[in-house]
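Shown next, in structure tokens, is the structure this report addresses.
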Amino acid sequence: MSALRILLAGMNNFRWQSYHNHLRADGLVPRLVFSGVECVAALRHFRPHLLVLDPNIPWGGGDGVLAIRDEEPELNQTQVMILTAGCDPSLLYRMSNYAIDDLVWQPVSASFLHQRLERLLKFQRAELTAL
């Protein structure tokens, strides 16, 4: 089985860098982007198994990313975790139109994030096996 690809779309800060570094050290294949435009391009070309998305991401926002994800059939199988330190309630409301598999409030450790990602991927594998 190929290594799991995780797309991290969040802020350009130490916390998101630490998530990236931790996941890579644990044998996953993470990619870190800092804008909605970069995120959509990475969804199309990197083809992640799971997207970890901060709704406040600039240049498109989380809702814009999810709108494009849902419009393109080859992208809409990617699981989505929302990871945010704080978000305008109206933005979260707009995002409720889209399939979101998990929501985590920061700050969390890189180890905790990895555990949540593993849990989501375990559920995804169980669903695929059941089909």
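Each residue takes its place number in the sequence, starting with 1. Because the structure is a prediction, the values reported are computed rather than measured.
Listed by chain and number, the residues in a side chain to side chain donor-acceptor pair (under 3.5 Å) with Arg47 amount to none (sequence neighbours excluded). The side chain to side chain donor-acceptor pair (under 3.5 Å) check on Ser90 picks up Asp88, with sequence neighbours excluded. With sequence neighbours excluded, no residue forms a side chain to side chain donor-acceptor pair (under 3.5 Å) with Arg31. Not counting sequence neighbours, Asn97 has no partner by the side chain to side chain donor-acceptor pair (under 3.5 Å) test. In this structure, His20 has no ring-ring contact (aromatic ring centres under 6.0 Å, His included) partners at least two apart in sequence or on a different chain.
Counting heavy atoms from C-beta outward, Leu7 and Leu50 have side chains that stay 4.5 Å or more apart. Taking 4.5 Å as the limit, some side-chain heavy atom of His114 sits within range of a side-chain heavy atom of Glu118.
Across Tyr19 and Leu113, no two heavy atoms sit closer than the pair CG-CD2, 3.5 Å. When every heavy atom of Gly10 is checked against every heavy atom of Asp54, the shortest pair comes out as CA-CB, 3.9 Å. In terms of heavy-atom proximity, Gly86 sits nearest to Asn56 at O-ND2, 2.6 Å. The shortest heavy-atom contact between Gln106 and Trp16 is NE2-NE1, 3.4 Å. Nearest heavy atoms, Cys39 versus Leu53: SG-CD1, 4.5 Å. Nearest heavy-atom pair across Pro30 and Leu8 is CB-CD1, 4.3 Å.
A distance of 12.5 Å separates CG of Leu121 from CZ of Arg116, quoted to the nearest 0.5 Å. Here CZ of Arg5 is found 6.5 Å from CZ of Phe46. Values are rounded to the nearest 0.5 Å. Between atom CD of residue Gln79 and atom CE of residue Met81 there is a gap of 9.0 Å, rounded to the nearest 0.5 Å. Atom CG of Asp101 is separated from atom CG of Leu120 by 6.0 Å, given to the nearest 0.5 angstrom. Here the straight-line distance linking atom CD1 of Ile100 with atom CD1 of Ile82 works out to 4.5 Å at 0.5 Å rounding. With rounding to the nearest 0.5 angstrom, the CG atom of Leu117 is 14.5 Å from the NZ atom of Lys122.
Under the 3.5 Å distance criterion, the side-chain polar atoms of His49 are left unmatched by any main-chain donor or acceptor of Leu4. The backbone N or O of Arg15 lies less than 3.5 Å from a partner atom in the side chain of Asn13, making a donor-acceptor pair.
Cluster annotation: Trp105 is connected to Met95 through the hydrophobic network of ILVMFWY side chains, with a link wherever side-chain heavy atoms come within less than 4.5 Å. Placement of Leu32 and Ile57 in two distinct hydrophobic clusters is found when ILVMFWY residues are connected by side-chain heavy-atom separations under 4.5 Å, directly or transitively. Met11 and Leu92 are assigned to two separate hydrophobic clusters, defined by single-linkage of ILVMFWY side chains at heavy-atom distances under 4.5 Å. Residues Phe112 and Leu28 share a single hydrophobic cluster, defined by chaining ILVMFWY side chains whose heavy atoms lie under 4.5 Å apart. Following chains of ILVMFWY side-chain contacts shorter than 4.5 Å, one cannot reach Leu51 starting from Leu23, and the two form parts of different hydrophobic clusters.
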Validation: residues 58-73 side-chain donor-acceptor distances under 3.5 Å, sequence neighbours left out:
| from | atom 1 | to | atom 2 | distance (Å) |
| --- | --- | --- | --- | --- |
| Asp63 | OD2 | Arg94 | NE | 3.0 |
| Arg69 | NE | Thr78 | O | 3.1 |
| Arg69 | NH2 | Asn76 | O | 3.1 |
| Arg69 | NH2 | Thr78 | O | 2.8 |
| Glu72 | OE1 | Arg44 | NE | 3.2 |
| Glu72 | OE2 | Arg44 | NE | 3.3 |
| Glu72 | OE2 | Arg44 | NH2 | 2.5 |

